[in-house]
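Count residues from 1 along the sequence. Keep in mind the model is a prediction, meaning the values are calculated, not measured.
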Amino acid sequence: MISTDLRATETDPRHRPGRWLALSVLVLAVLLVAVDATVLGLATPFLSEDLKPSGTQLLWIGDIYSFVIAGLLVSMGSLGDRIGRKKLLLTGAVAFGAVSVLNAYATSPEMMIVARALLGVAGATLMPSTLALIRNIFHDPRERSLAIGIWGAAASAGAAVGPVVGGFLLEHFWWGSVFLINLPVMAVLVVVGVKLLPESKNPAPGPWDLQSVLLSLIGIVGVVYAIKEAAAHGLRWDIAAAAVVGVAALVRFVRRQLRIRHPLLDMRLFRNRGFSGAVLADLLTILGLSGLVFFLSQYLQLVQGRGPLEAGVAELPAAVGAVTAGLLAGRAARRFSVRLVVAGGLAGVGLATASLVVLTETTGYPMLGAVLLVVGVGAGFSFTVTADVILSSVPKEQAGAASAVSETAYELGAALGIALLGSIVTGVYRGFLTPAGVPAETAAAAHESLGGAVEAARVIPGHQGAELVAAAQEAFVHGLRIAAGAGAAVLLATSVVAWFLLRGQKLEDGAEPATPAIEDRTPSPSRD
């Protein structure tokens, strides 16, 4: 009897001894993505000076990664459920490292945009795989909450490590070096992951539907492109056409998922109010924050004159707050309530963001540091608990697709935030008055971006250059204040929405069965 119990303990996945070591590999994957996402903001002024992108091209460099990754996440999450999450994760890590080299050596804005798009394809394989593997490795809900907290803390730590390491590299090497830091992380991930990660997949997944893959990609990219372009340039016939094509593709995608025998995404997941509420909260939260975060590094460097390393260190309070809150979030949600932790965290983020409407060119760091700390704590609580809710709402066989929905909301929100709030900053910035005597060609370059204005001022003799930079900085900060107000309104509204949608939602307490029952599915015959 004793030996039987021992054998059961050894084979029970709830007691797999290497599960925490496996988590360390997943943490590396999260760091790989987070570091890449954060270094771009620091590298933007240097990239602008070297590649000389237009304002529109600069926005594309910033958000094309999010567009592509958002369009492919559901497809890649479903692919991982079919072929194996470990296999997809390691393959994606190799591709991510290889494409990072292409980003580092881009020689034109167009090449950089293409390289960022390819990086999005590789990145789409990583994040849903990591969360899906956590869902399948940790069967005890309390352990899973802690694992998700560590996962979220790693993302926040990457957001902190990226600017600091990137700032150091930018002060000693060329801007492309910030992308090459992905390579050693990728190498360690692959070598160690082959040994430590367990493979998991849906035992009866069905075929991967390529038509659904294309529909989701065309739909999301089409809609986000239309929103971005309409916000920047107003409504035109080509933008309206992109919106129509995108919406039509998404409608077709949903209808197809409801009809085919083996959908990429089981749409019935959205009938769960907790799942839908958590996904919506993630999307709107990132929308409210991302545009502001994208321009913060430019503010610290090009307005306040900080070096890249100093700017990276200045952003550390947000990561410290997020790491701390992420590790405590699961315990807090069980002690109080899910909706209180999520809605309270979002309210804190919204109020902190609202305080930036009084931002000036000379705002002291104590205020900026306090704002970043509150933003980090609130976001850490909110994102960790919503990720736990999303993963707990689905059977482990569908973990890849569910994780992909969570990440799609995150990436789509980031793309929309940069497009909408970024367009506010850019639109206000371009309206500044050029000082008298500045040549027309120089003035045109200065109005494309703040980095362009700083570069243009270097070729203007005397006080005219200083006047040009001062006018550009004032306009940039004015746009940043308006974007902060808009972002704060979104965040506070999201807090209210989360309070109602997450009513009664609880995190699980007891250990679930090693092999949970899967809801019977009696699909209708495919009519497509």
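- With Leu89 as the partner, the side-chain contact (heavy atoms from CB on, under 4.5 Å) test is satisfied by one option alone out of Thr125, Leu26, Val190: Leu26.
- The side-chain heavy atoms of Ile220 and Leu72, taken from C-beta on, include no pair separated by under 4.5 Å.
- Crowding of Arg481 atom CZ: a count of heavy atoms from other residues, nucleotides or ligands under 6.0 Å exceeding 12.
- Taking the side chain as every heavy atom from C-beta outward, Arg116 and Val68 never approach each other to under 4.5 Å.
- By the 4.5 Å heavy-atom criterion applied to side chains, Leu88 and Leu126 are not counted as neighbours.
- Between Thr130 and Ile134, the closest side-chain pair of non-hydrogen atoms is not below 4.5 Å.
- Side chain of Ser355 to main chain of Ala352: a donor-acceptor pair is present (N/O by atom type, distance under 3.5 Å, no hydrogens or angles).
- Looking only at side-chain heavy atoms (C-beta outward), Arg503 and Ser337 stay at 4.5 Å or farther from each other.
- Under a cut-off of 6.0 angstrom, the local environment of CZ in Phe500 is sparse, with at most 12 non-hydrogen atoms contributed by other residues, nucleotides or ligands.
- Here NE2 of His478 is found 12.5 Å from CG of Leu359. Values are rounded to the nearest 0.5 Å.
- Using a 4.5 Å cut-off on side-chain heavy atoms (C-beta onward), Leu215 and Arg256 make contact.
- Residues passing the side chain to side chain donor-acceptor pair (under 3.5 Å) test with Glu310 are Arg306, sequence neighbours excluded.
- Going from atom CG of Leu90 over to atom CG of Leu189 covers 6.5 Å, rounded to the nearest 0.5 Å.
- Taking the six-membered ring for Trp and the full ring otherwise, the centers of Tyr299 and Phe476 sit at least 6.0 Å from each other.
- In this view, Ser24 satisfies the side chain to side chain donor-acceptor pair (under 3.5 Å) rule with no residue, not counting sequence neighbours.
- Distance alone, capped at 3.5 Å, is enough to place a donor-acceptor pair between the Ser216 side chain and the Val213 backbone.
- Under the 4.5 Å side-chain criterion, counting only non-hydrogen atoms from C-beta, Ser100 is in contact with Leu119.
- Of the possible polar contacts, one joining the Gln304 side chain to the Thr363 backbone as a donor-acceptor pair under 3.5 Å is found.
- The side-chain heavy atoms of Leu492 and Val349, taken from C-beta on, include no pair separated by under 4.5 Å.
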